Structures are given as C-alpha cells and as structure tokens.
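Sequential numbering from 1 along the given sequence is applied to the chain's residues. Every value quoted in this text rests on a predicted model; they were computed, and no experiment measured them.
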Amino acid sequence: MTILVTGFNGKVGYEVGVKLKEMQIPFKCAVRNVERARERYGSEFDFVALDFSKPETFGKALEGIHEVFLMYPPGDRIEFEAFITQAKQKGVSHIVYLSVKDVQFMPFIHHFKMKS
C-alpha cells in the first residue's frame with residue numbers, strides 16, 4: 001500500500017507526510033517542482049512530479065499508488081476530474097479528500113460546486 005500525498009508543500013500536506021513517515025507507511029509526496037522540493041527537504045522524502053493543470057504528469061504520479069490524500073489544488077486550468085478518472089483507472093482504491101468547511105456556500109473558491 002503506497003499513499004500519494006498532495007499539497008505537500010503546505011502545512012497540512014507536510015504534516016500528513018511526517019505522520020506517515022513516523023508510522024512507516026509507504027508514501028510519495030506530490031509536488032509541482034521536484035528539484036525545489038529536494039532543495040528544501042533533502043532526501044528525507046520521496047517526491048514525484050504532479051501538476052493538476054498538466055494531465056501528462058498524472059500517470060507517473062499515480063504509478064504504484066493505492067490511496068491518495070487529496071487537497072484541491074489552487075490555480076487555474078485544474079484538470080481535477082481527469083485526475084480522479086485516471087486514479088480510478090490506475091487502481092486507486094481510497095481517496096481522503098480535504099476541502100474547506102462550508103465551501104458549497106463560497107462561490108469565490110473555485111471548487112465550491114464539487115460533485116460527489
């Protein structure tokens with residue numbers, strides 16, 4: 001079982017990674033810029049490139065992944081549904097999704113109308 005942790009450069013994603021490491025659970029940290037992440041964190045974590053606006057990064061990021069800790073990414077041109085579709089195709093069996101409380105009432109946040 002390997003978990004893909006998205007949002008690793010933020011506070012929550014980083015803490016998820018630290019906890020998984022403490023528990024010795026296999027995981028990969030999804031970041032847009034692997035080299036920058038390695039400069040910041042060294043070899044302490046295993047990084048894989050993932051950019052939600054570039055579907056060509058999805059396949060490699062999901063390779064060997066069974067579960068995903070998923071934070072809705074910031075930015076424009078997000079291919080979120082394509083990522084979810086590819087995750088299903090690659091055999092991801094479980095996704096833990098972190099959103100924002102009461103997001104359905106906040107139209108200024110671009111994922112306020114998420115489908116279930």
Side-chain angles (χ1 to χ4, degrees):
M1 172 188 77
T2 302
I3 299 171
L4 181 67
V5 177
T6 69
F8 183 78
N9 283 320
K11 293 177 185 178
V12 174
Y14 175 78
E15 289 301 324
V16 169
V18 167
K19 192 63 173 176
L20 290 172
K21 187 171 179 142
E22 286 174 7
M23 298 171 67
Q24 299 181 358
I25 296 173
F27 70 100
K28 292 181 182 180
C29 307
V31 295
R32 281 181 286 207
N33 188 318
V34 171
E35 293 308 316
R36 193 177 319 158
R38 285 189 183 131
E39 287 173 11
R40 183 173 181 186
Y41 301 103
S43 61
E44 187 176 350
F45 297 97
D46 184 15
F47 297 105
V48 64
L50 175 63
D51 185 330
F52 285 101
S53 66
K54 297 179 180 174
E56 62 271 17
T57 66
F58 299 171
K60 184 165 171 106
L62 290 165
E63 204 168 281
I65 298 299
H66 303 96
E67 300 178 351
V68 177
F69 175 75
L70 183 59
M71 296 179 62
Y72 196 95
D76 296 325
R77 297 177 283 117
I78 301 300
E79 299 286 339
F80 199 66
E81 285 188 48
F83 178 79
I84 298 298
T85 298
Q86 196 159 15
K88 289 178 187 178
Q89 291 170 348
K90 291 277 191 176
V92 170
S93 61
H94 190 87
I95 296 174
V96 173
Y97 179 66
L98 178 64
S99 184
V100 178
K101 183 182 181 308
D102 294 329
V103 72
Q104 69 272 24
F105 304 115
M106 300 179 202
F108 54 89
I109 297 178
H110 62 283
H111 66 283
F112 82 105
K113 288 187 178 181
M114 289 299 301
K115 297 177 185 176
S116 52

side-chain contact (heavy atoms from CB on, under 4.5 Å) between Phe27 and Val16, intermediate numbers included: CA-CA 10 Å; Phe27 70 100; Val16 169; over 6 Å; no
Shortest non-hydrogen contact between Ala61 and Val48, atoms and distance: CA-CG2, 3.6 Å
Residues which pass side-chain contact (heavy atoms from CB on, under 4.5 Å) with Arg38, listed by chain and number, not counting sequence neighbours: Val34, Glu35, Phe47
Under the salt bridge (charged side-chain N to carboxylate O under 4.0 Å, His left out) test, residues paired with Arg36 that sit two or more places apart: none
Spacing of CD1 belonging to Ile84 relative to CD1 belonging to Ile95, to within rounding of 0.5 Å: 4.0 Å
Residue pair Val92 / Glu67: nearest heavy atoms and the distance that separates them: CG1-CA, 4.2 Å
Side-chain donor/acceptor of Ser93 to backbone N/O of His66, under 3.5 Å: yes
Distance-minimising heavy-atom pair for Pro55 and Glu79: CG-CG, 3.7 Å
Residue pair Lys21 / Glu44: nearest heavy atoms and the distance that separates them: NZ-O, 2.5 Å
Test of ring centre spacing under 6.0 Å for Tyr41 and Tyr14: yes
Worked verdict on Phe45 versus Val5 for side-chain contact (heavy atoms from CB on, under 4.5 Å): CA-CA 11 Å; Phe45 297 97; Val5 177; over 6 Å; no
Flag side-chain contact, heavy atom, 4.5 Å: Lys28 against Ile65: yes
Sidechain N-carboxylate O distance under 4.0 Å for Lys60, Glu63: no
Stepwise side-chain contact (heavy atoms from CB on, under 4.5 Å) test for Val96 and Ile3: CA-CA 10 Å; Val96 173; Ile3 299 171; over 6 Å; no
Nearest atoms (heavy-atom pairs only) where Gly64 meets Thr2: O-CB, 3.5 Å
Approximate separation, where rounding is to 0.5 Å, of Met71 CE and Leu98 CG: 5.0 Å
Positive for side chain to side chain contact (heavy atoms under 4.5 Å, CB included) with Phe83, one of Leu70, Ile78, Thr57: Leu70
Smallest separation among heavy atoms of Gln86 and Leu62, with atom names: C-CD1, 3.9 Å
